[in-house]
Engineer: 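Input: one structure, supplied below.
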Amino acid sequence: MKQQLKSYITALTIFFIPLFFLPITHEFYNTNKTMLLTVSSLILLSISAIQFIETKKIEWSKNALLSLRPVLTFLMIISAVTLLRSSNVVQSALDPTLGFTTLMALTIFYWYIAQEGTKETKSTHRALFTVGGLFVSVITIFLSFHPFQNASLPQTFVFLKNPGFTPLGNQRDLAIFLGFIVT
């Protein structure tokens, strides 16, 4: 049951990451996507902790451990650089773009995706990523016609008048994401 719940959480997170933005923070692209990823990673860790308490057994996939080695090496290098080079260690660790917290959440999330190593799960994740990319593309194409240009929108939704708006942030982020989806 808990393994299935973890699979659902990873699948939903994969689907919602490209689409998730909230106009309630100052920077509503990266910050909210990072929070979604961090909360999902914490929920996955909590479920695993509960599972460990109940069964007193840790299940590790050998292939997942091998694929995690370069990611952990990268995380350790970023941590060392953050500690040694930054004048404000706390601020650089909590930086929502490439801070240690974000990279740690990505590593945890990557670990859970790598543990679900069946072909069926990988194809499901790929399909969810593709569907999310399709939704992002449709939203971007719709907004490229500037349907809200002359509309009177509440202050919260004024960002929809921006001609370069995409749910991923700027046009470069959109191009990188869609390029990743295509390959």
Side-chain angles (χ1 to χ4, degrees), residues 2-21 27 29-53 55-130 132-133 136 168-170 172-183:
K2 289 183 179 46
Q3 193 64 33
Q4 192 175 18
L5 182 62
K6 288 193 287 190
S7 294
Y8 287 145
I9 290 171
T10 55
L12 285 173
T13 304
I14 287 171
F15 177 72
F16 280 119
I17 278 183
L19 300 170
F20 195 72
F21 68 93
E27 199 282 309
Y29 304 112
N30 292 331
T31 305
N32 295 314
K33 289 179 192 318
T34 302
M35 289 302 130
L36 173 68
L37 183 67
T38 305
V39 167
S40 296
S41 297
L42 287 174
I43 290 171
L44 288 169
L45 281 175
S46 300
I47 292 170
S48 292
I50 291 168
Q51 197 172 11
F52 171 70
I53 290 170
T55 63
K56 303 222 182 344
K57 187 170 72 172
I58 297 177
E59 296 177 17
W60 293 50
S61 168
K62 195 174 202 174
N63 291 337
L65 265 174
L66 290 175
S67 68
L68 194 63
R69 192 179 301 166
V71 176
L72 285 176
T73 304
F74 179 70
L75 185 65
M76 288 189 309
I77 291 170
I78 292 295
S79 303
V81 168
T82 300
L83 286 173
L84 297 174
R85 300 285 291 163
S86 179
S87 59
N88 188 347
V89 177
V90 174
Q91 181 181 4
S92 58
L94 298 176
D95 179 27
T97 53
L98 281 177
F100 176 75
T101 307
T102 304
L103 292 174
M104 187 64 182
L106 278 168
T107 303
I108 291 168
F109 195 71
Y110 176 78
W111 165 256
Y112 281 100
I113 290 175
Q115 276 191 317
E116 297 179 8
T118 65
K119 278 189 172 185
E120 180 182 307
T121 336
K122 287 181 181 182
S123 65
T124 302
H125 289 164
R126 177 82 174 156
L128 286 169
F129 226 21
T130 304
V136 166
L168 290 171
N170 57 32
R172 182 195 58 183
D173 293 341
L174 177 70
I176 290 170
F177 177 76
L178 293 179
F180 177 75
I181 294 293
V182 169
T183 57

Engineer: Any side-chain heavy-atom pair from Leu168 and Lys33 closer than 4.5 angstrom?
Structural biologist: yes

Engineer: Is it the case that Lys57 and Gln51 place a side-chain donor and acceptor less than 3.5 Å from each other?
Structural biologist: no

Engineer: Hey, could you give me the CE/CG distance between Met35 and Leu37, rounded to the nearest 0.5 Å?
Structural biologist: 9.5 Å

Engineer: Tell me the closest heavy-atom pair linking Thr13 and Ser40, and the distance in Å.
Structural biologist: OG1-OG, 2.8 Å

Engineer: Can you measure from OG1 (Thr107) to CZ (Phe74) and round to the nearest 0.5 angstrom?
Structural biologist: 8.5 Å

Engineer: Which distance, rounded to the nearest 0.5 Å, do you find between the CH2 of Trp111 and the CG of Leu44?
Structural biologist: 12.5 Å

Engineer: Lys56 and Ile53: which non-hydrogen atoms are nearest, and at how many Å?
Structural biologist: NZ-O, 3.4 Å

Engineer: Using a 4.5 Å cut-off on heavy atoms from C-beta on, say whether the side chain of Ile108 contacts that of Leu42.
Structural biologist: no

Engineer: I need the Thr10 OG1 to Ile43 CD1 distance, nearest 0.5 Å.
Structural biologist: 12.0 Å

Engineer: May I ask you to check whether Ser41 and Tyr112 show a side-chain donor-acceptor distance below 3.5 Å?
Structural biologist: no

Engineer: Report yes if the distance between the aromatic ring centroids of Phe177 and Phe129 is under 6.0 Å, otherwise no.
Structural biologist: yes

Engineer: Hey, what do you get for CD1 (Ile113) to CD1 (Ile14), rounding to the nearest 0.5 Å?
Structural biologist: 3.5 Å

Engineer: Check the pair Leu75, Val71 against side-chain contact (heavy atoms from CB on, under 4.5 Å), reporting the backbone distance first and the verdict last.
Structural biologist: CA-CA 6 Å; Leu75 185 65; Val71 176; 5.6 Å; no

Engineer: Please report the shortest heavy-atom distance between Leu128 and Phe15, naming the atom on each side.
Structural biologist: O-CD1, 3.7 Å

Engineer: Which heavy atom of Gly133 sits nearest to which heavy atom of Leu178, and what is that distance?
Structural biologist: O-CD2, 3.9 Å

Engineer: For residues Ser48 and Lys6, report the shortest heavy-atom separation together with the two atoms involved.
Structural biologist: OG-NZ, 3.3 Å

Engineer: Drop me the distance from Leu36's CG to Phe109's CZ, to the nearest 0.5 angstrom.
Structural biologist: 8.0 Å

